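Start at 1 and go down the list; that is how both ligands and their atoms are numbered. These values consider heavy atoms only, across backbone and side chains, with no hydrogens, waters or symmetry-generated copies. Just so it is clear, the model here is predicted, and its values are computed rather than measured.
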Amino acid sequence: MADSSVLMEGAVLYHDHREDANLGKLPGRVGWTDLGQFTNHGIFQPSVGTIQAVMIFVDFPNAPVSEAPKNYQHTRPYYEWLVPGGRQWFIDASFGRMDVHVTPINRWYRMSKVDDTYGFQRGISSDQHTNYIQEAVLLAAADVDYSKYDVVYIVPCKNASGITFSPTHIDGGRNKVAVNGRVVTHAVTFGQDMWRWGYKVMNHETLHICGLPDLYAFEEKGNPSNSHYFVGGWDVMGLISGHAPDPFAWHKWKLGWLDDDQVDVVTKPGAFIHHLSPIESSGGTKMVVIPLSETSAFVIESRRPLGNDNYATDSGVLVYHVDSSVRTGRGPLYVVHGNPELRDTYDPDDVNTACLGLNENKFATFDDPTSGVSVTVISQSEVEDVVLVKRSDQAVSL
Ligand SMILES: [Zn+2]
């Protein structure tokens with residue numbers, strides 16, 4: 001952004017502000033999925049380009065596909081449920097930078113054991129999950145050249161009620177799946193929750209394969225007890241069926257879907273104007289990063305009910321805190337509500353209305369005395385939010 005826009009507040013003139021985007025990149029400290037800018041592609045798949053996936057379908061001695069509901073005895077409805085929607089979602093979220101090409105093997109492979117002996121109903125261990133994938137990929141080995149694929153998707157028939165949920169396998173060196181002399185490093189095993197989540201379960205699980213952590217909480221809190229007090233329905237890595245599943249700008253940057261020149265950074269004391277374009281549309285500045293320590297930052301972005309967020313129930317300026325030293329499911333990212341009284345309620349409904357804005361029912365300013373950071377919405381239009389970011393001299397020095 002050029003230094004062309006200025007704002008008068010009292011006698012003070014504020015200019016647009018530009019610092020090196022590299023100052024906003026936080027180093028990962030977890031060694032697994034985290035919010036660090038650097039993604040280890042020795043472990044995780046690239047998120048720019050086309051992921052080649054093969055989809056294989058399994059049934060069970062106690063749940064043969066011949067006993068599945070009438071319209072679900074073919075592989076086609078399973079593919080149709082997951083793939084076209086999931087694929088388009090990636091294209092939209094990444095501004096065309098990521099695609100998933102899925103090759104279905106259109107037949108059913110009969111697993112050897114009844115479905116509820118594979119461990120899914122008890123949370124499934126890594127060993128059990130590896131065994132399940134190993135058996136399925138061997139069954140399909142005569143029909144699949146695994147050297148052509150980055151990821152294996154395994155889909156159970158609809159009547160296999162013992163395959164309850166949809167975990168991801170990422171080869172971290174301990175549990176190997178091997179077939180035809182080749183290691184299958186990445187797999188998603190879909191479960192019956194796919195019918196509840198819809199195709200976005202494919203997006204969520206595949207983004208783990210690209211290095212993203214879970215943003216929902218592994219520990220329930222609140223009354224009623226829930227897992228969605230960190231980010232509510234913002235971002236598909238939180239609540240998959242949430243109202244605004246498009247990934248946070250922080251995620252899009254890490255995934256390579258945003259360029260460095262779409263990121264503003266504020267490390268110096270002062271007051272600065274930033275023009276934010278909604279993360280759901282392509283082009284423009286997508287976020288302001290305000291580093292707080294070596295691994296943490298406040299991030300500001302703009303949200304609108306567009307694209308993958310078409311059903312968003314809130315819009316405006318969203319402020320959140322990221323920490324690249326925090327593990328998956330422990331709150332590496334949490335949204336900060338515009339209304340200080342609605343922070344720490346553990347209520348996902350509050351998180352879902354967290355945007356700052358100029359409407360009368362909104363707070364226009366986020367103020368954090370601890371860090372010396374404040375954010376004020378100056379103006380809003382359909383295509384832009386303008387914010388004034390202040391960083392005090394007392395702010396944590398880097
Ligand atoms: Zn997950």
| field | Parallel, tilted or perpendicular, as decided by the 30° and 60° cut-offs, for the rings of Y229 and Y346 | value | perpendicular
At a cut-off of 2.8 Å, protein N/O/S around the Zn ion (ligand 1) gives H204 NE2, H208 NE2, D214 OD1
Can you tell if the side chain of [X] reaches within under 4.5 Å of the side chain of [Y], non-hydrogen atoms only?
X	Y	result
T168	I209	yes
Q52	K148	no
T285	H275	no

Could you go through the salt bridge (charged side-chain N to carboxylate O under 4.0 Å, His left out) check for R330 and E219 one step at a time?
CA-CA 8 Å; R330 308 289 174 200; E219 182 192 350; 5.3 Å; no
Exactly one of E384, K286, R304 clears side chain to side chain donor-acceptor pair (under 3.5 Å) with S277, and that residue is K286
